[in-house]
Amino acid sequence: MKGSNLSDPLIYVLDMVVFVGIFSILAISLNLEYGFTGLANFGKVAFFMVGAYTSSIAANMGVPYFVCIVLATTLAGFVGLLVSLPALKLRADYLAIVTLAFGEILRFIFKNESWIAGGVRGTTVPSAFLFVNLPIRTMMTVQIILVYSVLLVCYIVAQMLVNSPYGRVMRSIREDELAAQVLGKDVFKYKAQTFTVGSAMAGAAGSLFAQYMRFIDPYTFEPFLTFTVWMMIILGGPANNLGVIVGAFIVQVLERGARIAKDYLLLPIDPHNLRVMLIGILIILILLYRPQGMFKESKVKTPALEVAKKWKKSS
Amino acid sequence: MINWGQVLFNSAVTGSLYLLAAVGLTLTYGLSKFPNFAHAEFMAFGAYAGYVVAEELHLGFQLSFLVAFLATAVLGAASYLLVFRPLSRRGASIIHLMVASIGLGFFVRHALQQIWGGAPLTFTVSWSCFDVGPVRITTLWLSLIGAALLMSVVMHLILTKTKVGKAIRASSSNPELALASGIDVEKIALITWMVGAALAGVGGLFRAADTRLVPLLGWEILLPAFAVVILGGIGSFYGALIAAYILGLAENLGVVLLVSLKLSTDYRLAIAFLILILTLIFKPSGFGKLFGEGIKPV
Amino acid sequence: MTTPPPKGIKTLAIWIVVILIVAAVAGVGGYYIGHSIGYDEGYKKGYETAKPAGPVLPEKIKIGSLMALSGFLGPMGQKIKLGVELAVKEINEHGGINGRPVELIMEDTGTNPTQALEAFKKLVEVDGVQVVIGPMASGEVMAIGDYANERHVVVISPSATSPEITTKFPDDYLFRTVGSDALQGKALAEIMLEKGFNKIAILVLNNAYGIGIEEKAKEVLGDKVILTIRYDPTKMDFRTELDQIKNSGADAVLYVGYYEDGRVMFRQALEMGLDNIQWVAAEGVYGESMFEVEEAAEFMSRAVMGTRPIAPTGIRGYQVFSEAFQKEFGEPPSMYADTAYDATMLAALAIAYAGEYNGTKIKDALTYVSQFYVGATGEKVFDKNGDQLTQFYEIWKVEKVNGEYKFVAIGTWPKTL
């Protein structure tokens, strides 16, 4: 196996870039569900896990990667659809609890059923790129290209959904579901579709994650992962897709930064604990004083808006 | 050959723990209209407070209960006054409050971890055990059941006989109606939060004494506690009472079933979740309606 | 309600934030790219051209460590890391490696494979570490395996016992100072057969460790196993599980647990009156921490025996280690603190022998020097897969002497010839 002995801090930075990319996809998926449509999905990790496991099982059977990720996305979306049918009828807090419980049940199943990808032991996963003879920087760059291409696709899809009449309906559901219904919109259909798309995106993220880590097990997918994605949304600003990407960046930087900072700062307090305590307080402060997050909600950029702007300018 | 006596007794023990954990949760949920995830940390906090009294100051286990009760009540008041009430006043949605409670939980849990470390702490109290027929009993378990029953009786009396209690019932199941009836909902809310948190603290202390004390202690019981709250009907004390013991029974029976089916008893928690999901989907109001909560005005 | 600031200022504020973030990223990225170009073209080329006489050790020798300091195995990790720290302290007290002091860099894996890999990358790329002691859990080792091999960094785990590590990563940079559980399950089973137990209940942790031993034990015990329970340690409420065992009529229990759940399990087992049957346990519950709970200690003295991996030659080594540990930290060593200590010592030896702070050279040296080391757990010779060449188990039980509880060795497995 070709490799090198020279430590390369750039790799650590690039590693962070990959994670920001994967979590950005998750953040955008949750943003579509909660930021734009007001759906309180606390089970995001479940669909991430479905995608990761699907992709891993397929890849271990020798399936080429682009098929793996398509399978992962489809299956995760399908599971999302199944969950949405009974769950989306519930009000926000019930939905949150149900999705949380669903995520936990799914994790139990993956943990205890050893015929599903090793059960408690987990499973190794081949990388998407099986030519391992390239230097590591090149491999990292290739991974970044892969992840960010998928992120770009997700971002475009999300923006298209959101900057359209469809997006307007999403927001109207978030603001006042009853009014949207009165206006003749099949609210449930919109909610289910959004939830399915969000779950599918999470599945794609899971597939990317599995092939990058090259090992997954049930301990990787705890509810705290869902909470982390929520933090990113709250920080960056719900209903702003660029904002949540920035949120993902900030949360990752804080995490990595704390790990490095502890070597240089001599605090009486363990930096890991300090970091989490600060995040807790930050969340509360943001919710109190700036609930729209760092970046405000993006406007619905449909052609109609352009026309309206021009009209406003001319009058 | 199943020792039904033991299974029933174990169910009573589990149920009692869940009851203590869930009462506060259901009352605050009904009143403030959001599920408080920091309730887990209320439990842990009470346990650590009790630990300080029993193991660090060596003042005896009985005193530690009192301290756990009082200290956690203070935490509950602080949470309400500093976090949840200000948020409500600014028009925060249910989800905002939920996420804030998660943030609060993070803060408290890691503060506890910073002070006492992550290593498990144990209580050195010893309890005697004896057999009653085929059933094994220890005095700790009896105390737990006793505490739960005592609390239930006291709560029942307060809720039905006193003005404050009736106001709590009204506010928990129907805050708007309560306000319209002239009840000072804000004061009642503060009391509810304090009492709810205090009970959680005592529950946490029992849990710690029965097993061991770690910062994540509350999370181990939080999700079953939610199941109890939902099953019993949000805001309904009596509903929670019944639901707690049903869940305790279901879980212990579940263990028997799982072992005979050669499945891992890891799934026992999944039983609680399954009950929760099924309740929410098919009968979201749980048992609440049985007790006329939210229908009768004060 | 205050009037919102004029639109222009808000937009400006947002733009400033965005620019700052982009600048930060560009700056950091640029620094590292620039730095690396300088390194590649400058130092590295210079070193290769100049070829200083003989290999050179750096001023400070870094030994990295990945331990679970939080999360599920956090309580254990807090104790195991002390073994590493003791070794480093002793090395430095004796002048370091070839006169250079050792710097220990400890990172927390949070008992999470994702975090373990991230921490490992930080150690390798940011700190430039070439040897890492840890991680503890088999899953964590599996997560970093590929990366360790690609970056040529030596990894020595003191406690990852899954047989999978041998099969998935043979002949490479992964080593362990603890035997694979492929053997311990067999050992426990044979001990039970020898004692004539016929109705055996298996009670194990629901994780790779517990299930691994259960499966191997079942191969030997066959249909003598009348009941299998895999339990969730975080539940901490084992009464019903224990009751099942009671009702099954089992005459012995094969038990796999850790300290945290083990103490609760034994205490509840005592309360349930299960001390009238024999419990045979794996090494997870070997350690004086178990005695912190009086009932657990009492139960162990009445009903528990078990195995733990240690070579016969290690008995004296363990004594020396244990005394030094007690002196340094004021408490007896936990399980795996000894293998962690040995792992660290072996790493230092390998670095000294290699004479160069280079993962590949250290890896080659490690197998060689392991032949000559006898440590806290005895001989630690590595085979070509980085596993332990020989594996012995000590059979222990707990005795109560003058009101104090002690672990006592009562035999070995395989039986000494």
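Labels below follow one simple rule: chain letters A, B, ... track the order of the sequence lines, proteins then strands, and each chain is numbered from 1.
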- Interface check, chain B: of A/Ile279, A/Leu282, A/Leu278, A/Asp93, most non-hydrogen pairs under 4.5 Å belong to A/Asp93

- Task: Identify which part of A/Leu287 has an atom lying under 4.5 Å from any heavy atom of chain B, answering side chain, backbone, both or neither.
- Result: both

- Under 4.5 Å from any heavy atom of chain B - which part of A/Lys89: neither

- Message: I'd like to verify something: which residue of A/Ile283, A/Val98, A/Asn112 has the highest number of heavy-atom pairs under 4.5 Å with chain B?
- Response: A/Asn112

- Using non-hydrogen atoms only, which part of B/Leu280 is less than 4.5 Å away from chain A: side chain, backbone, both, or neither? both

- Item | Nearest-0.5 Å distance that lies between atom CE in A/Met277 and atom CG in B/Leu112 | 9.0 Å

- Query: If you tally heavy-atom pairs under 4.5 Å against chain A, which of B/Phe37, B/Phe107, B/Phe226 wins?
  - Reply: B/Phe107

- Message: Can you tell me if A/Phe224 has over 12 outside heavy atoms packed within less than 6.0 Å of its CZ?
- Response: yes

- Message: Less than 4.5 Å to any heavy atom of chain A: does that hold for the side chain of B/Ala92, its backbone, both, or neither?
- Response: neither

- Report yes if some heavy atom in the side chain of A/Met231 is under 4.5 Å from a heavy atom in the side chain of B/Ile102; otherwise report no. yes

- Message: Is B/Pro35 in contact with chain A via its backbone, its side chain, both, or neither, using a 4.5 Å heavy-atom distance?
- Response: side chain

- Query: Side chain, backbone, both or neither: which part of B/Arg89 has a non-hydrogen atom closer than 4.5 Å to chain A?
  - Reply: neither

- Can you say whether A/Ile234 sits under 4.5 Å from chain B via the side chain, the backbone, both, or neither, judging by heavy atoms? side chain

- Under 4.5 Å from a heavy atom of chain B, the part of A/Tyr94 involved: both

- Heavy-atom distances under 4.5 Å only: say whether B/Leu87 touches chain A with side chain, backbone, both or neither. both

- Item | A/Leu100 versus chain B, the contacting section by heavy-atom distance below 4.5 Å | side chain

- Task: Looking only at non-hydrogen atoms, find the nearest pair between B/Ala100 and A/Ile284 and report the distance.
- Result: O-CG1, 3.9 Å

- State, to 0.1 Å, how close A/Asn273 and B/His110 come at their nearest heavy-atom pair, and which atoms those are. OD1-ND1, 2.9 Å

- Note on the structure: chain A shares the most heavy-atom pairs under 4.5 Å, among B/Val83, B/Leu82, B/Val99, B/Leu104, with B/Val99

- Side chain, backbone, both or neither of B/Phe282 within contact of chain A (heavy atoms, under 4.5 Å): neither

- Tell me, with the steps shown, if B/Tyr267 and A/Ile105 meet side-chain contact (heavy atoms from CB on, under 4.5 Å). CA-CA 8 Å; B/Tyr267 279 122; A/Ile105 291 184; over 6 Å; no

- Query: Under the side-chain contact (heavy atoms from CB on, under 4.5 Å) criterion, do B/Phe273 and A/Phe102 qualify, and how do the steps go?
  - Reply: CA-CA 8 Å; B/Phe273 297 158; A/Phe102 173 71; over 6 Å; no

- Query: So, for A/Ile97 and B/Ile230, which heavy atoms are closest and what is the spacing to 0.1 Å?
  - Reply: CD1-CD1, 4.1 Å

- Query: For A/Arg91, is it the side chain, the backbone, both or neither that has a heavy atom under 4.5 Å from a heavy atom of chain B?
  - Reply: side chain

- Item | Pair B/Ile95-A/Tyr34, side-chain contact (heavy atoms from CB on, under 4.5 Å): steps then yes or no | CA-CA 10 Å; B/Ile95 302 303; A/Tyr34 173 68; 3.5 Å; yes

- Task: Measure up the B/Phe106 and A/Phe227 rings against each other and bin them: parallel (under 30°), tilted (30 to 60°), perpendicular (over 60°).
- Result: perpendicular

- Note on the structure: In short, A/Ala96 meets B/Met98 closest at the heavy-atom pair CB-CE, 3.4 Å

